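Following: one structure in structure tokens, then a few remarks.
Just so we're clear, the structure is a prediction, and the values are computed from it rather than from any experiment.
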Amino acid sequence: MALKDGEWVDFRPVKPYDGQTIQNGMRALSDQSRYFRFFSPIVKLSDEQLHYFTEVDQHNHVAWIALAHDKIEQLGVGIARFIRFQHQAHIAEFAVTVVDSYQRR
């Protein structure tokens, strides 16, 4: 998909090997963006958090990642996910995070 400025971004489901890409994305977020996403002053995801965010079943925990198309390492630029509540499958927690340099693009 092309952004407003013409840069291409690829979208795909999150894979178990995306941990480093997600961790790099955390570093690309401002303190304010990390706080708005996690409601705490988190700087880095723990190994347990990375496992939770990458080992998704794409049914009850759905996550898609946005990657810069023309970058050699496909820089992660955003991620969206929802996680269904265990006892109320028709309700889910939803989150979207976009690295600061790609916001409003």
(message) Quick check: is V43 connected to L29 through a chain of hydrophobic side chains (ILVMFWY, heavy atoms under 4.5 Å apart)?
(response) no
**OP:** State, yes or no, whether a side-chain contact exists between N60 and Q86 at a heavy-atom distance under 4.5 Å.
**Re:** no
NZ/NE/NH1/NH2 to OD/OE distance under 4.0 Å, D57 and R84:
no
Tightest non-hydrogen contact, residues V99 and G76, listed as CG1-O, 3.9 Å
Tightest non-hydrogen contact, residues I83 and Y52, listed as CD1-OH, 3.2 Å
Problem - Enclosure of F11 CZ (heavy-atom neighbours >12, cutoff 6.0 Å) - result: yes
One should read off an interatomic distance between T97 OG1 and I79 CD1, to the nearest 0.5 angstrom, of 7.5 Å
Pair V77, V98 - check side-chain contact (heavy atoms from CB on, under 4.5 Å), show working. CA-CA 6 Å; V77 299; V98 177; 5.7 Å; no
(Q) Has E55 got a side-chain atom pairing as donor or acceptor with P16's backbone, closer than 3.5 angstrom? (A) no
Interatomic distance, CE@M1 vs CG@D10, rounded to 0.5 Å, equals 12.0 Å
* To do: Treat each ILVMFWY residue as a node, draw an edge where side-chain heavy atoms are under 4.5 Å apart, and state whether F94 and F38 are in one component.
  => yes
Minimal heavy-atom distance between A66 and V9, with the atoms involved, is CB-CG1, 3.6 Å
(Q) Looking at F82, is its backbone amide N or carbonyl O close enough to the side chain of E93 to form a donor-acceptor pair, meaning the two atoms are under 3.5 Å apart? (A) no
Within the supplied structure, the quantity of interest is the number of heavy atoms (other residues, nucleotides, ligands) at a distance under 6.0 Å from R104 CZ; does it exceed 12? no
Going by distance alone, is a donor N or O of one side chain under 3.5 Å from an acceptor N or O of the other, for R81 and H61? yes
d(L75 CG, H69 NE2) to nearest 0.5 Å is 14.0 Å
Do you reckon V96 sits in the same ILVMFWY cluster as L67, going by side-chain contacts under 4.5 Å, direct or chained?
yes
Check: Do any N or O atoms from the side chain of D100 and from the backbone of S30 form a donor-acceptor pair under 3.5 angstrom?
Finding: yes
task: Please report the C-alpha distance between D18 and R12 in whole Å, then the side-chain angles of each, then the deciding distance to 0.1 Å, and finally whether the side-chain contact (heavy atoms from CB on, under 4.5 Å) criterion is met.
output: CA-CA 11 Å; D18 285 325; R12 65 163 172 76; 2.7 Å; yes
Heavy atoms of K44 and Q49 approach each other most closely as O-OE1, 4.1 Å
Would the distance check show the side chain of T54 and the main-chain N or O of L50 forming a donor-acceptor pair, the cut-off being under 3.5 Å? yes
In short, L3 meets R105 closest at the heavy-atom pair CB-O, 3.3 Å
Of all heavy-atom pairs linking F53 and I22, the shortest is O-CD1, 4.4 Å
One should read off an interatomic distance between F39 CZ and R34 CZ, to the nearest 0.5 angstrom, of 15.0 Å
Is it the case that atom CD in Q58 sees more than 12 heavy atoms from other parts of the structure closer than 6.0 Å?
yes
Value for NE2 (H51) from OG (S46), rounded to nearest 0.5 Å, stands at 11.5 Å
Start with the C-alpha distance between I42 and R37, add both sets of side-chain angles, then the distance that settles side-chain contact (heavy atoms from CB on, under 4.5 Å), and finish with yes or no. CA-CA 10 Å; I42 188 171; R37 169 57 182 94; over 6 Å; no
